[in-house]
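Every heavy atom of this structure was used, including side-chain atoms; hydrogens, water molecules and symmetry mates were not.
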Amino acid sequence: MEMTARFLAAAAACVWLAAAASAFDVPTVAFEEGFSPLFGDGNLVRARDDRAARLLLDRRSGSGFISSDYYLHGFFSASIKLPRDYTAGVVVAFYLSNGDVYEKTHDELDFEFLGSRWGGQWRVQTNVYGNGSTSRGREERYLLPFDPTLAAHRYSILWAPTHIIFYVDDTAIREVVRHPGMGGDFPAKPMAAYATIWDGSAWATEGGKYKVNYKYAPFASDFSDLSLRGCRVADPASPALRLAGGDGCDLLGLMTADYAVMTPQKRAAMRAFRARRMTYTVCYDAARYAAGPFPECDNSDEERGTFWAWGESKTVVMKTRGRGRRGRGSRAGAGARGRAGAASS
């Protein structure tokens with residue numbers, strides 16, 4: 001039985017890899033060209049060729065790096081391999097933020113990877129915040145169709161003036177179309193790209209029930225294929241938004257690139273992913289937002305029936321693995337975001 005389950009999981013991963021083979025062909029940068037260390041000192045290890053970096057979390061510290069420039073819109077991408085074995089409480093993040101410039105009115109777009117007690121069963125959370133709207137968090141969470149600890153997979157954020165798309169490999173998993181009703185909640189100020197690993201014991205795994213166990217440290221996450229395709233800004237705090245180094249900003253090129261255009265085929269693949277893999281969406285969380293869903297939510301009565309009133313899926317749940325038995329799916333609790341913003345889990 002266990003062998004059959006492993007075979008099916010491997011087959012599903014192969015199908016996903018085949019679909020991802022045509023991943024977007026975007027230029028990558030060396031670490032020195034586009035990034036600077038953020039924190040962690042010796043826990044940030046750069047590859048000899050400077051095309052990749054390893055982030056470590058141990059008892060001493062987590063670690064992270066930041067893009068050397070701020071950008072106003074663009075496509076930001078990294079291939080990431082997550083830590084193996086017991087990773088409860090560990091958070092790996094790849095995100096855009098301007099929290100260091102706008103402390104009370106910051107914007108943020110996140111991929112947060114939340115560790116678990118069962119090795120490769122990481123959850124992925126996406127967040128969208130604009131103008132300090134952390135009290136109106138727009139979080140979603142998903143399970144992945146592959147084991148993210150066995151090989152690197154590409155995670156990308158497309159941030160355009162009109163819409164946002166989150167990608168896993170070349171499959172869109174979330175689209176946020178700018179709606180007039182969002183007002184300042186749509187990110188609109190220059191942001192930098194960040195990559196971090198840190199201790200999220202207070203909230204990351206089952207609402208903080210399971211903490212980081214440093215017996216399994218160091219926890220290592222590898223980042224490669226780093227891509228920064230956007231409009232660099234000289235001074236992110238300036239209302240003039242002068243472009244850095246006199247660079248031109250090819251906004252039309254950005255808006256017409258394949259990763260910025262949501263075709264019917266891409267939207268169908270996105271809906272299929274969400275139906276099979278999304279464990280929580282704020283768009284159906286009536287308990288948290290009794291006044292109704294956010295204006296950009298594309299809800300349907302049929303889909304609503306597959307979610308509980310608190311926004312969690314009735315059908316997509318994480319299965320426990322222990323002593324060869326299947327357990328009940330875990331329910332996530334609410335918690336606070338770590339280093340650069342706020343989120344719930």
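- With sequence neighbours excluded, no residue satisfies side-chain hydrogen bond (donor to acceptor under 3.5 Å, both in side chains) with Tyr71.
- The salt bridge (Lys or Arg N to Asp or Glu O under 4.0 Å) search around Arg54 returns Asp222, not counting sequence neighbours.
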Step-by-step side-chain contact (heavy atoms from CB on, under 4.5 Å) determination, Leu114 to Arg141 = CA-CA 10 Å; Leu114 313 179; Arg141 289 188 293 276; 4.3 Å; yes
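- Residues Ser313 and Val316 share a closest heavy-atom pair of OG-N, 2.9 Å.
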For residues 26-42, which side-chain N or O atoms pair as donor and acceptor with protein atoms under 3.5 Å away, sequence neighbours left out?
{"unit_1": "Thr28", "atom_1": "OG1", "unit_2": "Arg51", "atom_2": "NH2", "d": "3.0"}
{"unit_1": "Glu32", "atom_1": "OE1", "unit_2": "Arg46", "atom_2": "NH2", "d": "2.9"}
{"unit_1": "Glu33", "atom_1": "OE2", "unit_2": "Ala30", "atom_2": "N", "d": "2.9"}
{"unit_1": "Ser36", "atom_1": "OG", "unit_2": "Ser68", "atom_2": "OG", "d": "3.2"}

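- A search for side-chain contact (heavy atoms from CB on, under 4.5 Å) contacts involving Ser79 returns Ala152, Arg154, Ser224, Asp225, not counting sequence neighbours.
- Looking only at atom types and distance, the side chain of Tyr167 has no donor-acceptor partner in the side chain of Ser77 under 3.5 Å away.
- Under 3.5 Å, the side chains of Asn127 and Glu108 contain no donor-acceptor pair of N or O atoms.
- Residues that satisfy the salt bridge (Lys or Arg N to Asp or Glu O under 4.0 Å) test with Arg174, not counting sequence neighbours, are Glu140.
- For Tyr214, the side-chain contact (heavy atoms from CB on, under 4.5 Å) partners are Leu57, Arg59, Asp199, Val212, Ala217, Phe219, not counting sequence neighbours.
- Its side chain within the 4.5 Å cluster rule, Val45 clusters with Leu56 among the Ile, Leu, Val, Met, Phe, Trp and Tyr residues.
- Between Tyr155 and Phe111, the two ring planes are perpendicular [angle over 60°; tilted spans 30° to 60°].
- Evaluation of the side-chain contact (heavy atoms from CB on, under 4.5 Å) rule for Arg84 yields Thr149, Leu150 as partners, not counting sequence neighbours.
- At distances below 3.5 Å, not a single donor-acceptor pair connects side-chain atoms of Asp58 with backbone N or O atoms of Pro218.
- Residue pairs satisfying the salt bridge (Lys or Arg N to Asp or Glu O under 4.0 Å) criterion with at least one member in residues 258-273, sequence neighbours excluded, are listed as follows: Glu175-Arg267, Arg271-Asp298.
- Residues forming a side-chain contact (heavy atoms from CB on, under 4.5 Å) with Asp285 (at least two apart in sequence, or on another chain): Tyr280, Ala287, Arg288, Trp310.
- Taking Arg304 as the reference, Asp301 meet the side-chain hydrogen bond (donor to acceptor under 3.5 Å, both in side chains) condition, with sequence neighbours excluded.
- When the side-chain hydrogen bond (donor to acceptor under 3.5 Å, both in side chains) test is applied to Tyr210, the partners found at least two apart in sequence or on another chain are Arg117.
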